[in-house]
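Here's the structure, in structure tokens; my notes come after.
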There are 2 protein chains.
Amino acid sequence: MSILNENLPACPVEMTLMLMGDKWKVLIIRELLTGTKRFGELKKSLNGISQKVLTQHLRMMEENGLLNRQVYAQVPPKVEYSLTDVGHSLKQVHDAMWQWGEAYKKQVEI
Amino acid sequence: MSILNENLPACPVEMTLMLMGDKWKVLIIRELLTGTKRFGELKKSLNGISQKVLTQHLRMMEENGLLNRQVYAQVPPKVEYSLTDVGHSLKQVHDAMWQWGEAYKKQVEI
DNA sequence: CAGTATCCCAAGCGATACTG
DNA sequence: CAGTATCGCTTGGGATACTG
């Protein structure tokens, strides 16, 4: 399926970390969980990310089967990103992080 | 509670990322979910981590209320780390990552 | 618009030496 | 044993310029 076939970590958690163990990747997932987005939209939502880094992460995630890249033959170009089924299943992880973050904030804000 | 009181991110997911959005932190949680561990044990389990980085992360996580540091007045010293309740509640996130990693591996191994 | 290419800097890390 | 301190180096990432 991908280059990852070699050197798969034994621990499933490490497997997950290899594919989304990065701040930006989690946030890209967050954005795409609400639906397909264009490159420019992603860049705007992900406050502070540079074009270079966004491109790099999108490429990696596409390679790993987490998202689809749809190029429209237009001028100016239009590229849309959406989650694959595998990518969408990361919602579980995302939601767990969401809930924990919520709970933590309530604690801190006291 | 902590220095984090200023500049709390609005998004709960970003909050979580601030506190455990790092490969090593997730793995430290993984280790401590099975019980209290000494510094040396952690270092051995976390394959490849340097003493410096392990210390840094443990300090940060202690400061953020994720874990307890218990120092025993002995020679040679003995220091034990364990999760706080808040830290332990990260099990949800850990487990979600575990399950997703498992599923992903099955996909890839075909 | 959505990239690629290049240069460059600083944070982060490893390696090493030392200590309560 | 479990650290701290110091020093280089690697590399991730910002800034900028250019293009299909």
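Chain naming here is simple, since letters A, B, ... match the order of the sequence lines and numbering starts at 1 in each.
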Select base, sugar-phosphate, or nothing to describe what A:Gln51 touches, counting heavy atoms under 4.0 Å on all strands.
base
Between B:Leu54 (CG) and C:dG14 (C1'), how many Å, whole number?
14 Å
Below 4.0 Å: OP1/OP2 of D:dG3 and any side-chain N or O of B:Arg59
yes
Separation between CZ (B:Arg59) and CG (B:Leu54), nearest 0.5 Å, reads 9.5 Å
For C:dG20, the nucleotide meeting Watson-Crick or G-U wobble distances (both under 3.5 Å) is D:dC1
Distance, rounded to the nearest Å, where A:Lys78 contributes NZ and C:dG3 contributes C1'
17 Å
Please evaluate residues B:Leu90 and A:Trp100 with respect to the criterion side-chain contact (heavy atoms from CB on, under 4.5 Å), reporting the C-alpha separation (whole Å), side-chain torsions for both, the decisive distance (0.1 Å), and the verdict.
CA-CA 7 Å; B:Leu90 278 167; A:Trp100 189 86; 3.4 Å; yes
Under the side-chain contact (heavy atoms from CB on, under 4.5 Å) criterion, do A:Met18 and A:Asn64 qualify, and how do the steps go?
CA-CA 10 Å; A:Met18 280 187 62; A:Asn64 294 333; over 6 Å; no
Whole-Å distance between C:dG12 C1' and B:Trp24 CH2?
14 Å
Give the rounded distance in Å between these two atoms: CD of B:Gln56 and P of C:dG14.
9 Å
Between B:Lys105 and A:Met15 (side chain of the first, backbone of the second, donor and acceptor by atom type, cut-off under 3.5 Å), is there such a pair?
no
Classify B:Lys52 by what it touches in the nucleic acid, base, sugar-phosphate, or nothing, heavy-atom distance under 4.0 Å.
base
How long is the line joining CE of A:Met60 and C1' of D:dG13, in whole Å?
12 Å
Quick one: is B:Arg38 getting a side-chain N or O under 4.0 Å of the D:dC1 phosphate, OP1 or OP2?
no
Could you give the CZ-to-P distance, from A:Arg69 to C:dC1, as a whole number of Å?
16 Å
When the nearest nucleotide of DNA chain C is assigned to A:Thr55 and to A:Pro76 on a heavy-atom basis, which residue is associated with the more 5' position?
A:Pro76
When rounded to whole Å, the CG to P distance for the pair B:Asp22 and C:dG12 reads 10 Å
It should be established whether A:Ser50 places a side-chain nitrogen or oxygen under 4.0 Å from OP1 or OP2 of nucleotide D:dG14.
yes
Looking at B:Arg30, is its backbone amide N or carbonyl O close enough to the side chain of B:Thr34 to form a donor-acceptor pair, meaning the two atoms are under 3.5 Å apart?
no
Nearest listed nucleotide, side chain of A:Val53, among D:dG3, C:dA2, D:dG13:
D:dG13
In whole Å, I'd like the distance from the CG atom of A:Leu46 to the P atom of D:dG13.
14 Å
Just to be sure I understand the rule, does A:Tyr81 reach a base, reach only the sugar-phosphate, or reach nothing, if contact means heavy atoms closer than 4.0 Å?
sugar-phosphate
